[in-house]
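Worksheet: the structure to be examined is printed underneath.
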There are 4 protein chains.
Amino acid sequence: MRNTEAVLEAAKKAFAELGVDAPMRDIAARAGVGVGTIYRNYPQRSDLIIAVFRRELDTTAEEAERLAAEYPPAEALRLWSESLARFVATKRGFASALHSGDPAYQPLPAQFLGILAPKVQSILDAGAADGTIRGGVSAEHLIHALSRLADDGPDDAAAAGPSMTDVLLDGLIVSPRSIEP
Amino acid sequence: MRNTEAVLEAAKKAFAELGVDAPMRDIAARAGVGVGTIYRNYPQRSDLIIAVFRRELDTTAEEAERLAAEYPPAEALRLWSESLARFVATKRGFASALHSGDPAYQPLPAQFLGILAPKVQSILDAGAADGTIRGGVSAEHLIHALSRLADDGPDDAAAAGPSMTDVLLDGLIVSPRSIEP
Amino acid sequence: MRNTEAVLEAAKKAFAELGVDAPMRDIAARAGVGVGTIYRNYPQRSDLIIAVFRRELDTTAEEAERLAAEYPPAEALRLWSESLARFVATKRGFASALHSGDPAYQPLPAQFLGILAPKVQSILDAGAADGTIRGGVSAEHLIHALSRLADDGPDDAAAAGPSMTDVLLDGLIVSPRSIEP
Amino acid sequence: MRNTEAVLEAAKKAFAELGVDAPMRDIAARAGVGVGTIYRNYPQRSDLIIAVFRRELDTTAEEAERLAAEYPPAEALRLWSESLARFVATKRGFASALHSGDPAYQPLPAQFLGILAPKVQSILDAGAADGTIRGGVSAEHLIHALSRLADDGPDDAAAAGPSMTDVLLDGLIVSPRSIEP
DNA sequence: AATGAATGAGTGTTCATTCAT
DNA sequence: TATGAATGAACACTCATTCAT
């Protein structure tokens with residue numbers, strides 16, 4: 001495509017302002033392109049969404065790798081969950097789309113998880129091996145849950161207390177404190 | 001309204017079959033009522049949704065009270081989370097609507113939490129008091145999170161491992177097992 | 001509907017100018033009405049088409065009755081075929097739609113034939129009884145064929161010779177001329 | 001054109017599967033060719049259609065010649081009408097296109113008749129000469145009519161009775177039976 | 001000559017919402 | 001109060017056709 005970059009840029013902005021269900025027409029107009037052009041290159045809306053977020057998604061995936069190398073598993077997982085939260089929180093409507101059941105978004109979860117799960121699974125496995133992370137939890141489930149919790153809570157959410165994400169991780173990570181009284 | 005009951009019953013069925021974003025027309029037709037009638041009594045869609053689920057929501061809230069009376073806080077919380085999951089899982093699209101940002105659903109979270117939070121807060125407070133539940137967590141946050149996790153995970157979700165809801169609660173509840181080796 | 005008449009009138013004109021596949025928008029605009037109004041009253045396009053032509057269709061059907069009463073079967077059939085031809089020839093695209101297979105028109109043939117066939121069948125039966133019309137031909141088949149032949153032939157069609165409709169009828173009617181040399 | 005054969009073959013298949021209004025893209029893709037290439041060689045869709053069916057059309061035309069040589073005119077005409085019916089019935093949407101009025105198909109009838117009419121006219125003339133076929137009927141009219149009747153009738157069409165095509169021919173052919181009581 | 005990316009008009013269809021009766 | 005007819009904005013999606021390469 002001649003204007004790949006323009007389309008992705010336009011879509012990114014549109015997604016940011018209107019959410020991932022922004023009208024195609026809108027995106028096309030921003031990109032100075034006909035709607036057909038977008039449909040040709042991204043037959044499914046989910047194709048466009050993934051393409052738009054692909055770079056950042058890859059970054060998030062690589063982050064998992066990097067953290068796994070630098071930190072012990074439990075710590076890596078905690079840090080990475082922030083990375084994921086940052087990603088999800090930024091994409092308006094992405095989380096909803098991910099879990100919506102709307103046929104337009106149907107391939108989304110698989111693609112999303114396909115990119116992230118393998119890297120995260122490594123961390124989980126390492127943690128299970130050294131006993132710092134509870135075993136038996138699949139990366140897919142965990143990412144799924146983390147992405148759900150990443151969206152804003154009630155308005156006064158920031159107010160106080162630990163984030164639910166942290167609580168979830170606390171339930172997953174075998175803290176030394178709890179086993180060594 | 002003359003036909004309050006008919007409308008609520010119709011809406012309940014429509015929500016069950018088509019999700020909470022079922023066409024108003026559809027609901028009105030099932031109730032044998034004009035759409036205008038519904039709009040008069042429930043100006044916002046969220047008003048209707050809450051009205052429809054009010055009874056069950058109250059039941060769920062009372063369940064919290066009952067469990068708090070019968071069980072120690074931690075146990076009560078675990079049991080109640082199942083109650084909530086049952087509620088959320090049954091209402092097609094309710095969870096999505098709850099967090100969607102769609103202006104049509106905007107008042108939904110507040111009303112939803114307004115009914116449930118006080119009762120749950122009691123459990124949390126009791127647990128914090130006797131040291132079995134980590135303090136500093138607001139009921140609103142927790143309910144918010146639990147309702148998000150109640151929706152289906154990836155397709156192979158049922159497969160194995162603990163549910164993310166359980167993991168979250170594990171992070172919240174100070175299990176005797178973990179402190180008494 | 002408040003504007004039934006306006007819609008039917010508008011549709012009739014639109015059909016005349018653009019054919020029975022005229023854009024709904026177009027029809028609505030001519031009628032000074034929203035598209036939704038048309039969809040509400042005529043969910044299927046074929047419903048609108050039949051409604052528009054209903055009066056003339058009924059007239060054509062009654063014509064069959066009248067002719068059957070006034071003329072011997074063979075003669076009545078010939079005269080009625082002209083009536084049908086007049087009807088079909090006036091409705092741009094009607095004949096095509098009738099046989100198109102397009103799902104939008106799917107119910108059309110049945111409705112069309114449902115109105116006309118019974119009356120014509122009476123003529124055929126009477127003719128078969130008195131030996132002036134070949135038996136074994138169903139009214140539905142015949143109408144189907146006549147409506148197909150009624151559309152314009154090649155441009156120079158009017159030029160000369162008997163119409164194909166007449167030839168078809170000649171094959172159907174046991175003319176006295178042919179048996180009495 | 002380099003790939004004339006591939007295009008015609010692809011178009012033929014596309015026409016068979018999707019009808020003569022198959023998307024150009026589709027045809028081009030099947031042929032492994034750019035759409036532009038098709039447009040260059042067949043500026044009008046009707047050009048492509050005729051080109052695709054040309055060979056079979058010629059066969060049908062030659063069939064007329066062959067039958068005229070082997071059989072008496074009336075018999076030849078009957079046999080040929082079957083040949084034509086076979087051709088028309090096989091080409092999805094061809095009959096509709098032939099009579100549709102859609103500008104895209106506008107030149108189609110003339111080209112179609114240009115190929116077939118001369119041969120059929122010979123049969124008609126011969127029949128008129130020896131008194132077995134009613135005179136005054138143009139081949140164009142007749143072919144036009146036959147091609148219209150070749151499409152399926154109502155669903156229960158096959159059920160019973162003579163085909164309308166046969167009836168038409170009965171009206172055209174001066175059967176010995178009818179003149180020799 | 002061939003390619004195929006790009007264009008964008010065009011259409012069916014759905015529904016929230018209003019308001020005359 | 002209740003009704004439900006009417007409105008019309010909104011959107012997805014398809015393709016014929018053009019034209020720069």
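By convention in this document, chain letters (A, B, ...) are assigned in the order of the sequence lines, proteins followed by strands, and residues within each chain are numbered from 1.
- Residue Y39(C) contributes atom OH, which lies 18 Å from atom P of dA10(F) at whole-angstrom precision.
- Atom pair D26(A):CG and dG8(E):C1' shows a separation of 16 Å (rounding to whole Å applied).
- For T37(D) and dT3(E), the shortest distance from a side-chain N or O to OP1 or OP2 is below 4.0 Å.
- For the salt bridge (charged side-chain N to carboxylate O under 4.0 Å, His left out) criterion with E17(C), the lone passing option out of R30(C), K12(C), R92(C), K91(C) is R30(C).
- Pairing partner, dA20(F): dT3(E), with both Watson-Crick or wobble hydrogen-bond distances short of 3.5 Å.
- Note: CZ (R25(D)) to C1' (dC15(F)) measures 6 Å, nearest angstrom.
- Taking only side-chain atoms of R45(C), from C-beta outward, the nucleotide of dA16(E), dA2(F), dG12(E) with the closest atom is dG12(E).
- The nearest whole Å value for the distance from the CG atom in D47(D) to the P atom in dA16(F) is 15 Å.
- Heavy-atom distances to DNA chain E give each of G32(D) and P43(B) a nearest nucleotide, and the one nearer the 5′ end belongs to G32(D).
- Using the six-membered ring where Trp is involved, H144(A) and H99(A) have ring planes that are perpendicular, over 60° apart on the 30 and 60° scheme.
- The residue among G36(A) and G36(B) whose nearest nucleotide of DNA chain F is located toward the 5' end is G36(B).
- When the C1' atom of dT14(E) is taken as reference, atom CG of D21(B) falls 13 Å away, rounded to whole Å.
- Separating the CG atom of L18(B) from the C1' atom of dT14(E) is a distance of 14 Å, rounded to the nearest angstrom.
- Distance CD1 (I27(B)) to C1' (dG4(F)): 16 Å, rounded to an integer number of Å.
- If you find the closest nucleotide of DNA chain F to N3(B) and to M1(C), the one lying nearer the 5' end belongs to N3(B).
- Across dA1(E), dA6(E), dT17(E), the shortest atom-to-atom separation from the side chain of R2(A) is found for dA6(E).
- Under 4.0 angstrom from either OP1 or OP2 of dA6(E) there lies at least one side-chain N or O belonging to N41(A).
- Of the candidate nucleotides dA2(E), dG12(E), dC11(F), dC11(F) has the atom nearest to the side chain of P23(A).
- The CE atom of M24(A) sits 9 Å away from the C1' atom of dA12(F) (whole-angstrom rounding).
- Nearest nucleotide to the V35(B) side chain, out of dA6(E), dG4(F), dA9(F): dG4(F).
- Y42(C) is listed as a side-chain neighbour of L8(C), based on a closest heavy-atom distance under 4.5 Å.
- Counting non-hydrogen atoms of other residues, nucleotides and ligands closer than 6.0 Å to CD of Q106(C) gives a total of 12 or fewer.
- Between F94(B) and F87(B), the distance separating the two ring centers is shorter than 6.0 angstrom.
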